[in-house]
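As structure tokens, the structure follows; a few thoughts come after it.
As the structure is a prediction and not an experimental result, all values here were calculated from the model. Any value given below was found using the heavy atoms of this structure, including those in side chains, with hydrogens, waters and symmetry copies removed. Both ligands and their constituent atoms are indexed starting at 1 by order of listing.
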Amino acid sequence: MRYKKPKAFPDNFLWAAATSAYQFEGAYLEDGKTMSIVDANINENYTNTSITSDHYHRFKEDIKLMKELGMKAYRFSISWSRVLPNGRGEVNEKGINFYKELVKELKDNDIEPLATIYHFDLPLCLQEEYGGWSSREVIDDFVYYCEVLFKNLGEDIKYWFTINEQSNMFLLPYLMVFNSEIPLEKQKYEMNHIMMVAHAKAIKLFREMVPSGKIGPAIGISPNYPKSCKPEDIQAAKEADDFRTYLFTDLYVHGCYRENVWRYMEENNIEPTIEDGDMESIVAAKPDFLGINYYQSRVVEYAPEDIENRDVILNTDGKSGTTSFEVNPGLYKGDSNPFLEKTEWDWEVDPIGLRVVLNELNDRYHLPIIITENGIGGIENLTEENKVNDEYRINYLKSHLKQCNLAINDGVNLFGYCPWSFMDLLSTTSGFRKRYGFVYVNRTDKDLKDLKRYKKDSFYWYKEVIETNGQSVIENSEKV
Ligand code: BGP
């Protein structure tokens, strides 16, 4: 449904943009920082995390651009191994000072800092010492890391995100390190539980140390559509949502495991070990809001028990048609959606899906929501006049923002929007080949060039969106 008289975006709406430390900062072994698991994960086709966009050395120049863009807020992540080079223990003064200076510079420019505590980058030393997220030892180390952050930055940062895309970490093997001797599915659910306890304990500490702050998770979310109106497919789509989304969000908000997912884990001997006090910690850690990362929707159909199991194979090179979808015997298997346009990376462009998930989360959890990521990646080059014509990005973001506005009109308490990404940075899957930013960074995977920043066409478009508090997008909402 559309509205004849759509409401505007709220007055204090947080118009923002996002990045993450390992994808944006570079300086991966500088000023005391040590390696993280993502720094160690090298893909020979692409550049590594050593320099990326060199934000570490250029943050003041970058914040000037944020100011020029009119950003009201900026979502970034903090690198655990920059702050605590040994994963715990002594604080690296140069590391924590970098974030203090960054936050000061943002605030001096009237930009609200939105900090993510963990964005895929566990200190490598903790992985080597005890197996990282597979060991409960990580819980205390994570909570100590949070304590250092809340003590040093709690007064200046109001909005915090505990963990980025917990659900996706278990789907994408390069974001977690798995032990080949333990059955993969068992490990995934054990690690997920350990991470959930760590998240919950971080929130408990936050309530004590930063009572006036707000905290929540940043969830990677895609709605699952049934491939047909066959009742088996409808049920399969519901189960795909349960396993891929509501398992996590129910734990975050209601503090309990979904019955059907728990029964599935038990019947397959893959249920996590729950220790005394775990569920009490989890249930006590209700977040203030939900952050959601939304890029695309998915289609699933029922998958019989005897079908061959398969994890998703991603198209990481931008060669369309090479994605192979997830198969989960007895549950669901993915397929492409014939009604949607796809990017070169086979990501299915579905603005309406965003309205669907916003409403679904609002109906279930009645919490404020912020979009912590939303965007489109593609191959781009500078023109002879040093411009980047990224009309496709403008179209993508515009169509998604229209759906955000419709969701607000539906009653969703949406309080901010962080397109991914503020500036070109290292893609999680595809290096510098896949660009996302409003600002072009002059480098490629193989050639560092001068790392100069150039404003793309989308920069000027988003600037107008912010200046008009989104009105420039709503005016045309009937064309959606
Ligand atoms: C999300 C991550 C981001 C970012 C984005 C785009 O899952 O939180 O870190 O990378 O996806 O993904 P990609 O870079 O693989 O295109």
Aromatic contact, Phe59 with Phe98 (centres under 6.0 Å): yes
Between Phe161 and Phe289, ring centroids under 6.0 Å: yes
is_close_aromatic(Trp133, Tyr118), centroid dist under 6.0 Å: yes
Any N/O pair Trp347/ligand 1 closer than 3.5 Å: no
Partners meeting ring pair (Phe, Tyr, Trp, His ring centres under 6.0 Å) with Trp15 (sequence neighbours left out): Phe9, Phe13
Counterpart residues, ring pair (Phe, Tyr, Trp, His ring centres under 6.0 Å), relative to Phe76 (two or more places apart): Tyr74
His119 N/O under 3.5 Å from ligand 1 N/O: yes
Ser430 N/O to ligand 1 N/O under 3.5 Å: no
Contact check, Trp345 vs ligand 1, heavy-atom distance below 4.0 Å: no
Glu165 N/O under 3.5 Å from ligand 1 N/O: yes
Heavy-atom nearest option to atom 1 (C) of ligand 1, drawn from Lys434, Glu373, Gln23, Arg435: Glu373
Enumerated ligand 1 atoms positioned under 4.0 Å from heavy atoms of Asn293: 8 (O)
